[in-house]
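In this text the structure is predicted, and so the values were computed from the model without any measurement. Chain identifiers are assigned alphabetically (A, B, ...) following the order of the sequence lines, protein sequences preceding nucleic acid strands; residue numbering begins at 1 within each chain.
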Amino acid sequence: MAKYPFAEIEKKWQSRWESEKTFRAVEDPAFPKERRRYVLDMFPYPSGDGLHVGHPEGYTATDIYCRYLRMNGYNVLHPMGFDAFGLPAENHAIKTGTHPAATTHACIDRFRAQIKSLGFSYDWDREIATCDEDYYRWTQWIFLQLFKKGLAYESDMPINWCPSCKTGLANEEVKDGECDRCGTKVTRKRIRQWVLKITAYADRLLEDLEGLDWPEAVKLMQRNWIGRSEGAEVEFGVEGSAEKLEVFTTRADTLYGVTYMVLAPEHPLVGKITSAAQRAAVEAYVEAAARKSDLERTDLAKDKSGVFTGAYALNPLNGLRVPIWVSDYVLISYGTGAIMAVPAHDDRDWDFAKKFGLPIVQVVASRKQYEGGHDFSKPPAECDIEDGYSVNSGEFTGMPTEDAKKRIIEKVEREGLGRRAVNYKLRDWLFSRQRYWGEPIPLVHCDKCGIVPLPESELPLRLPETKSYAPSGTGESPLANIPEWVNAKCPKCGGPAKRETNTMPQWAGSCWYFLRYLDPKNSGAFASDEAVKYWMPVDLYVGGAEHAVLHLLYARFWHKVLYDIGAVNTKEPFLRLVNQGMILGDDNQKMSKSRGNVVNPDDIIRDFGADSMRVYEMFMGPLQVSKPWATAGLVGVSRFLEKVWALGEKPVAASSPSPELAKLLHKTIKKVSKDTASLDFNTAISQMMIFCNEAARLPELPRSLWESFVLLLSPYAPHLAEELWEKLGHGKSLARESWPAYDEALCADESKEIVAQVNGKIRERFTVPAGTPEKELEAMALALPKVREWTEGKELAKVIVVKDKLVNVVVKG
RNA sequence: GCGAGAGUGGUGGAAUGGCAGACACGCCAGACUUAGGAUCUGGUGCCCACGCGGCGUGAGGGUUCAAGUCCCUUCUCUCGCACCA
């Protein structure tokens, strides 16, 4: 049998789809809202390496789903674009002097061609690239809205600095103390930065997760990242000083157990309260801590360090005098940067107290201890962080932890010593990068007027041309070296002003790209209200799990801001999220150049065709799990498509199929429909293989049977299916043909094989008409020779009958 | 350390609490051929005194007439977080 001419067929149909604009999406009001779907892929960063077999996995999944939806009468928006600002192009520019735009556009062209070679049904008229002026104009516009709402501010807090990328990083971009991008150890650096107040949206970002159809794991990661915790801020007096020491605690019930206080080394009070005797030691400690990177600070987590300040704090509840220490186990960036230490009920405080010989007082007891008359005047044997009953706690002694918390906070509030408070792990988003290849931040610094936003009419603020892309060396972006660009007029007073030289991080463009697809050519707005209303929100968003917090949290934040200013109509951008699993190398390891296990989609398409590539990637296993690539497995899928092609060469008959085959067809339609709708593509393909194996036995194919099958196959192997459809005499693409319907009655078997079990073990099988009553099944089973053999001489305890399935005879003895 | 998920043939993987291993790869045998990753037919979890008997879903318990599936304990792997008071 000749290999089917996939190369020819695929080229033919791809160019036909393109010239006929088969997959153009139009905002046709004839489709009611519930008949519209927005199906989105996470757009790629077009790297110089080209497409990876991991990319087409998600893209194939959404493509199959979209094709299925169209055939089921949905109007589908399915766009593709490019996340095009980013460091690799800039680094290449530094080395070679090539403009990053040139590099990027070359990469985009390559990516686009590769993506097109897989025959995806994108509406290419809506393609966008985040580095295009026409696109980043609106990224800048959104930034200005954030600025105007007071959600963007300058700060020169110490930031995470990647010495290799020569740029600041958001907390989310630091993994294990290393740069998320290049793996370089992150250090700390103080430079002026732009920061977005994402924390102002913390509660909403948390609450609105509830209604989303997202993987629980991703929601959990976001919840943990936001890290909301409820507690109280309590003020401690400082002995011999007017200063107040404020701490945040979630365990107000342990206030009587405070035996010392700890300030973060960066805490402003450190310098003020340190005694003369301790000053030298404290200063040395603070300096040493400042020199440590975040990684070093967490590396030393096991072994606590610290210095006594010589000062004492006064417990607001019991007046007890406790020493104030400085230690880097307290973080300046969380809560108030100071803690009340309760070593009896906090592991970290326990370790610290043990190391420095500080007192430990038990104030919470387990029920057992409490009722057993335990002696609470002695220090406890171990640290216990569980809830229980308050002890050694004055008027609160005896209360369960929950009550004690509430009552103590009430008392603290009543007496003006503190207040109920909520804290978040989430920090504001470090939004500026000291790089060239990103969106310029559309602000100027004017001596007279301060920070002034550019008028919206002056957008886009274009990146200037330059010869040198190298960082300025001062930690500022290369833009700072271009005086013609930096020196500008203040839009407010007309006086001299300097442009902001920081650029935006790569996340900026991807925060809203799904909105630009709605109306990509609009020059008066990022998208028209009509387009937003027509398509939003995104019904299905498919992409890698690596974006679980970063991109998805940032995009949600921007979307909420846009919602607040009335620019979009939904609180959340992505209704349903699916993470495709990673495709590993055939050695079960992550694909990487250094391991030499990378598979190039171009090679696969050349040797086996795009349809084989598509079907194989879907046949490997469930979309959501990681699975290793096996070219041997691909061969199996390729053979399947060859077999389909061979079927297409059989004569087509007007006859109707045999009842058995008709039944198989209807079962196949049912299973493929259900599994495609639920993205269970692997089992849908398996069912089509079963159908083909049967159909291959026929000398000729009944037309109705074969046409239905070709339509079922078309979302999976669209080129092959189109060709077969044409061979069947149809002049038009099958992309908008109706999806085959199945007859439920025809799916049911009229006879069933019943399993006869004795004590749960299968002893015999027999066939009966479907729907045979339980009573009859029982009688038939009991009469079987094998069953009689195993039940002989034993007492019949009971018989369980499951209609159309089994009879289980339970005997004793 | 904490949190989440996953462990099924030689391999990828199927199984509303009801026949474990669909489909595919690989392998074995045969047919047709004589080499462009061919096609077709049959077989293929393990053990066995091969009697259609026994054992089998990481391990150990439990619930149930019936457990890969539900519950408890435990081990291993993957991912995420990691002094967040």
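- Within the 4.0 angstrom heavy-atom criterion, no nucleotide atom of any strand lies near S333(A).
- Within the nucleic acid shown, N693(A) comes within 4.0 Å of sugar-phosphate atoms alone, with no base atom in reach, counting heavy atoms only.
- Taking the C1' atoms as reference points, C32(B) lies 8 Å from U39(B), given to the whole Å.
- A gap of 22 Å separates the C1' atoms of A31(B) and G36(B), to the nearest Å.
- Counting to the nearest Å, the C1' atom of A85(B) and the CD atom of E233(A) are 12 Å from each other.
- Base-pair partner of A22(B): not found among the strands shown (Watson-Crick or G-U wobble, both distances under 3.5 Å).
- Going from atom CG of D586(A) over to atom P of C25(B) covers 18 Å, rounded to whole Å.
- In this structure, NZ of K794(A) is placed 15 Å from C1' of C65(B), rounded to the nearest angstrom.
- Look at the C1' atom in both A20(B) and G7(B): the space between them is 16 Å, to the nearest Å.
- At the phosphate of A24(B), neither OP1 nor OP2 sits under 4.0 Å from any side-chain N or O atom of R639(A).
- Taking the P atom of each, A6(B) and A15(B) are spaced 14 Å apart, rounded to whole Å.
- What separates CG of D328(A) from P of A82(B) is a distance of 16 Å, to the nearest Å.
- Within 4.0 Å (heavy atoms only), A632(A) reaches sugar-phosphate atoms of the nucleic acid but no base atom.
- When the P atom of C81(B) is taken as reference, atom CG of L331(A) falls 16 Å away, rounded to whole Å.
- Rounded to the nearest Å, the gap between the P atom of A29(B) and that of G13(B) is 29 Å.
- Contacts of R228(A) with the nucleic acid, taken as non-hydrogen atoms under 4.0 Å apart, are absent.
- Here A4(B) sits opposite U78(B) as a Watson-Crick or G-U wobble pair (both hydrogen-bonding atom distances under 3.5 Å).
- Place Y334(A) and D607(A) on RNA chain B by their nearest nucleotides, and D607(A) ends up nearer the 5' end.
- Here V330(A) lies in heavy-atom contact (under 4.0 Å) with a base.
- Nucleotide U16(B): unpaired (no Watson-Crick or G-U wobble partner with both distances less than 3.5 Å).
- Taking the ring axis of W645(A) as reference, the NZ or CZ atom of K643(A) does not stay both within 45° of it and closer than 6.0 Å to the ring centre.
- In E789(A), the CD atom is crowded: over 12 heavy atoms of neighbouring residues, nucleotides or ligands sit closer than 6.0 Å.
- Ranked by how close their nearest RNA chain B nucleotide is to the 5' end, V810(A) and W790(A) are led by W790(A).
- As rounded to the nearest Å, C70(B) and A14(B) have P atoms that lie 16 Å from one another.
- Under the 6.0 Å cut-off for aromatic ring centres, W629(A) and Y616(A) qualify, their centroids lying closer than that.
- A centroid separation of less than 6.0 Å is found between the aromatic rings of W325(A) and F356(A).
- The CZ atom of R251(A) sits 9.0 Å away from atom CE of M340(A), with the distance rounded to the nearest 0.5 Å.
- Whole-Å rounding puts the M689(A) CE to C23(B) P distance at 11 Å.
- Taking atom C1' in both G17(B) and G68(B), one finds a spacing of 11 Å when rounded to whole Å.
- Residue-level contact check: F608(A) touches the bases, meaning some heavy atom is under 4.0 Å from a base atom.
- The stretch residues 682-694 of chain A participates, sequence neighbours left out, in these salt bridge (Lys or Arg N to Asp or Glu O under 4.0 Å) pairs: E694(A)-R697(A).
- Here K761(A) lies in heavy-atom contact (under 4.0 Å) with sugar-phosphate atoms only.
- Applying the ring pair (Phe, Tyr, Trp, His ring centres under 6.0 Å) rule to F640(A) yields no partners; only residues at least two apart in sequence or on another chain are considered.
- Phosphate proximity of G80(B) to R223(A): absent, as no side-chain N or O sits under 4.0 Å from OP1 or OP2.
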Measure all distances between protein nitrogen or oxygen atoms and nitrogen or oxygen atoms of nucleotides 2-9 of chain B, and list the pairs falling under 3.5 Å.
none

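- The separation of C52(B) from U63(B), taken at their P atoms, amounts to 35 Å, rounded to a whole angstrom.
- Using N1 to N3 plus N6-O4 or O6-N4 for Watson-Crick, or N1-O2 and O6-N3 for G-U wobble, each under 3.5 Å, C50(B) pairs with nothing.
- Across every non-hydrogen atom of V542(A) and Q580(A), the tightest pair is CG1-OE1, 3.9 Å.
- Checked against a 6.0 Å centroid threshold, the rings of Y329(A) and F352(A) count as neighbours.
- To the nearest angstrom, C1' of A82(B) lies 13 Å from CE of M221(A).
- Pair check for G9(B) finds none; no Watson-Crick or G-U wobble contact set falls under 3.5 Å.
- Considering only residues two or more places apart in sequence or on other chains, F691(A) meets the ring pair (Phe, Tyr, Trp, His ring centres under 6.0 Å) condition with F709(A).
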Got a list of side-chain donor-acceptor pairs under 3.5 Å for residues 663-679 of chain A, not counting sequence neighbours?
unit_1	atom_1	unit_2	atom_2	d
K663(A)	NZ	L746(A)	O	3.0
K663(A)	NZ	A748(A)	O	2.6
H666(A)	ND1	D743(A)	N	2.8
K667(A)	NZ	D749(A)	OD1	2.9
K667(A)	NZ	D749(A)	OD2	3.3
T668(A)	OG1	L664(A)	O	2.7
T668(A)	OG1	Q687(A)	NE2	3.1
K670(A)	NZ	E744(A)	OE2	2.8
K671(A)	NZ	D675(A)	OD2	2.9
S673(A)	OG	I669(A)	O	2.5
S673(A)	OG	W739(A)	NE1	2.9
D675(A)	OD2	T683(A)	OG1	2.8
T676(A)	OG1	V672(A)	O	2.5
T676(A)	OG1	Y716(A)	OH	2.8
S678(A)	OG	K674(A)	O	3.0
S678(A)	OG	D675(A)	O	3.4
S678(A)	OG	D680(A)	OD2	2.8

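- Anti is the conformation of G37(B), whose glycosidic angle sits further than 90° from 0.
- Between the base of C83(B) and the side chain of K304(A) there is a donor-acceptor pair shorter than 3.5 Å.
- In this structure, U39(B) and A31(B) make a Watson-Crick or G-U wobble pair, each of the two defining distances being under 3.5 angstrom.
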### Message
Generate the contact string for nucleotides 10-19 of chain B. Rules: B means base contact, S means sugar-phosphate contact only, - means no protein heavy atom under 4.0 Å.
### Response
--BSSSB-BB
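- One can place CD1 of I385(A) at 14 Å from P of G1(B), the figure rounded to the nearest angstrom.
- Nearest approach of P265(A) to V326(A), heavy atoms of both residues: CA-CG1, 3.7 Å.
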